[in-house]
Number of protein chains: 2
Amino acid sequence: MSPDVTRQSTLATGPDPLSLSEEEDGQAESGPAPEGVTNDLVELLFFAYRDFVGDPDRMLAEYGFGRAHHRVLHFVYHYPGLTIAELLDILRITKQSLNRVLKDLIEQGHIVQKTGRSDRRQRLLYCSETGATLTAELTRVQVRRVARAIADPVADEPTGARDGNGFAAAQGFLMAMIEPEERAAVTSLMARRARSRR
Amino acid sequence: MSPDVTRQSTLATGPDPLSLSEEEDGQAESGPAPEGVTNDLVELLFFAYRDFVGDPDRMLAEYGFGRAHHRVLHFVYHYPGLTIAELLDILRITKQSLNRVLKDLIEQGHIVQKTGRSDRRQRLLYCSETGATLTAELTRVQVRRVARAIADPVADEPTGARDGNGFAAAQGFLMAMIEPEERAAVTSLMARRARSRR
DNA sequence: CAATATACGTCAGTGTTGTTGACATATCTC
DNA sequence: GAGATATGTCAACAACACTGACGTATATTG
């Protein structure tokens, strides 16, 4: 509880210090963003992304692959014929990093290279049958999560703020992206901040 | 371009194969989700999150800290008095992993520990003045990005799909979370998939 | 009070994924 | 043919996660 804090000199223990302090609300014509809500969105994005990549992570682990492999598979699957340079630009990693995981995927036959037609220096990347099957499975669970979050956003009571703008929508979407069993924990955590702000 | 594909036997190079194939649209009463749009959201989430953590990453790098330090600072800052166990549950990492970064932050005086009052085994975590100042700065840029994305979502033309549900809203929000200079690249990438799907 | 459980810290080893720097090879462009 | 470009590779290193094992302080319980 927040009264446990003894206001020691060097400690900045105040209820969610500074936070936003009438942060620039970028021309939001329907009133300024309530300070706490945006903080919630920042954290919801963290939790949502964690669960979003959690499913694929677990599935890939069974193949001995990691998240880096997933990203390569994903973009090669969805954009067949991608070149190395394009993939590097998408992933924003070094070619050495890419090559390590790409080599795994090629050796295991999930991705194949084809020499470019117009430019024979290029190695166009494609998924093999097995790579496509695997990636389709990964995509399926991620698409399902997103589609459900869009279709059934979680109604927000904690903040209570009924803002016609996108705050409530974004919050509902992100909360719905979180694993259902974990939503209560997230909600009660954020309620703790809201409480200490009173 | 997709006609570059020569339909080799072992290659699954079709235009965005399987993808969704009338994926379960979980009781979406306003029509099923167009297959491509949800795929876009999956990728937008990747790009949005990348830029979302990019700013703090760069700022922390100057202090010799990384993303793990940021996460600890963030939650200790926003939830002063957090215990180790609570933090572990939030971050979902092992105590060894936490301890490594936490030790850095404590040694450098950004975080302080206080023995719990009711339970003297607990180490309650608080930000020091410097830790609070640093974290407030990190929070500021993240909150600004989110607040702007909510206030000025990016209108979607690429998909053209005008769906009253949350798809357009989510897409606009996530696209607005992406660094402005990079949006064109993302849009043209996803247009490439849409093109190959015709 | 003694036994057990809990909260936390730490040592040691390992794996994934990122980095930098240097260098090689094939191919395209001028 | 010279130089730029696309890709591959070797080596070293760092951040951040993991497992397993063990130690200490404090709380709880029979």
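Because the structure is predicted, anything quoted here is derived from the model rather than measured.
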Between A/Gln142 and A/Asp55, is the side-chain contact (heavy atoms from CB on, under 4.5 Å) condition met? List the steps. CA-CA 8 Å; A/Gln142 290 199 300; A/Asp55 292 324; 5.8 Å; no
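- Checking each of A/His69, A/Met59, A/His74 against A/Leu138 for a side-chain contact (heavy atoms from CB on, under 4.5 Å) leaves exactly one that passes, namely A/Met59.
- A/Leu91 places its CG atom 10 Å from the P atom of C/dT19, with the value rounded to the nearest Å.
- One can place CG of B/Asp89 at 12 Å from P of C/dC8, the figure rounded to the nearest angstrom.
- Distances shown here put a side-chain N or O of A/Arg120 below 4.0 Å from the OP1 or OP2 atom of C/dT27.
- As rounded to whole Å, 9 Å separates atom C1' of D/dT7 from atom CG of A/Leu88.
- The side chain of A/Ile84 approaches D/dT7 more closely than any other nucleotide in the set C/dG18, D/dT7, D/dC16.
- When the P atom of D/dT5 is taken as reference, atom CD of A/Gln122 falls 14 Å away, rounded to whole Å.
- Judged by distance alone, the side chain of A/Thr38 and the main-chain N or O of B/Ala147 form no donor-acceptor pair under 3.5 Å.
- Taking a pair as Watson-Crick or G-U wobble with both distances under 3.5 Å, DNA chain C forms stems of 3 or more consecutive pairs at C:1-30 with D:1-30.
- Atom CG of B/Leu102 is separated from atom P of C/dC8 by 11 Å (rounded to the nearest Å).
- A donor-acceptor pair under 3.5 Å is absent between the side-chain atoms of A/Arg67 and the main chain of A/Asp57, judged by distance alone.
- Among all heavy-atom pairs drawn from A/Arg192 and B/Pro80, the shortest one is NH2-O, 4.3 Å.
- For C/dG13, the OP1/OP2 oxygens have no side-chain nitrogen or oxygen of B/Gln96 closer than 4.0 Å.
- In this structure, A/Leu124 places its CG atom 11 Å from P of D/dG8, rounding to the nearest Å.
- Here the nucleotide nearest the side chain of B/Arg123, chosen from D/dA17, C/dG9, C/dT17, is C/dG9.
- For the pair B/Lys95 NZ and D/dC18 P, the computed distance is 13 Å after rounding to whole Å.
- DNA chain C is contacted by both B/Lys103 and A/Gly64; B/Lys103 maps to the nucleotide lying nearer its 5′ end (nearest heavy atom per residue).
- Set against D/dC16, D/dA6, D/dA27, the side chain of A/Asp119 has D/dA6 as its closest nucleotide.
- Under 4.0 angstrom from either OP1 or OP2 of D/dC18 there lies at least one side-chain N or O belonging to B/Thr94.
- In this structure, B/His69 reaches the sugar-phosphate backbone alone: every heavy-atom distance under 4.0 Å involves primed, P, OP1 or OP2 atoms, never a base.
- With distances taken from any side-chain atom of A/Ile93 to the nucleotides C/dT17, D/dA17, C/dT19, the minimum falls on C/dT19.
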For residues 45-54 of chain B, please give each side-chain donor-acceptor pair under 3.5 Å, one per line with the distance, not counting sequence neighbours.
| unit_1 | atom_1 | unit_2 | atom_2 | d |
| --- | --- | --- | --- | --- |
| B/Arg50 | NH1 | A/Ile90 | O | 2.8 |
| B/Arg50 | NH2 | B/Glu182 | OE1 | 3.3 |
| B/Asp51 | OD2 | B/Glu179 | N | 2.7 |

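- Comparing C/dA26, D/dG8, C/dC8 by their nearest atom to the side chain of A/Asn99 picks out D/dG8.
- Side-chain N/O atoms of A/Ser97 include one lying less than 4.0 angstrom from OP1 or OP2 on C/dT19.
- B/Leu124 and B/Gly81 get closest at one heavy-atom pair: CD2-O, 3.6 Å.
- Contact between the side-chain N/O atoms of B/Gln113 and the OP1/OP2 oxygens of C/dG9 is found at a separation under 4.0 Å.
- Side-chain atoms of B/Arg148 never come within 3.5 Å of backbone atoms of B/Arg145 as a donor-acceptor pair (strictly under, hydrogens ignored).
- Nearest-nucleotide positions on DNA chain C place B/Ile106 closer to the 5' end than the other of B/Ile106 and A/Phe65.
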Given side-chain contact (heavy atoms from CB on, under 4.5 Å), test A/Leu102 with A/Leu125 step by step and report yes or no. CA-CA 10 Å; A/Leu102 188 54; A/Leu125 302 171; 4.3 Å; yes
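- Within 4.0 Å (heavy atoms only), A/Glu86 reaches no atom of the nucleic acid at all.
- Note: CD1 (B/Ile111) to P (C/dG9) measures 12 Å, nearest angstrom.
- If you check every strand for non-hydrogen atoms under 4.0 Å, B/Arg100 touches a base.
- For C/dT27, the OP1/OP2 oxygens have no side-chain nitrogen or oxygen of A/Arg117 closer than 4.0 Å.
- Of the candidates C/dG18, D/dA6, D/dT9, D/dA6 carries the atom nearest the A/Arg121 side chain, counting heavy atoms from C-beta on.
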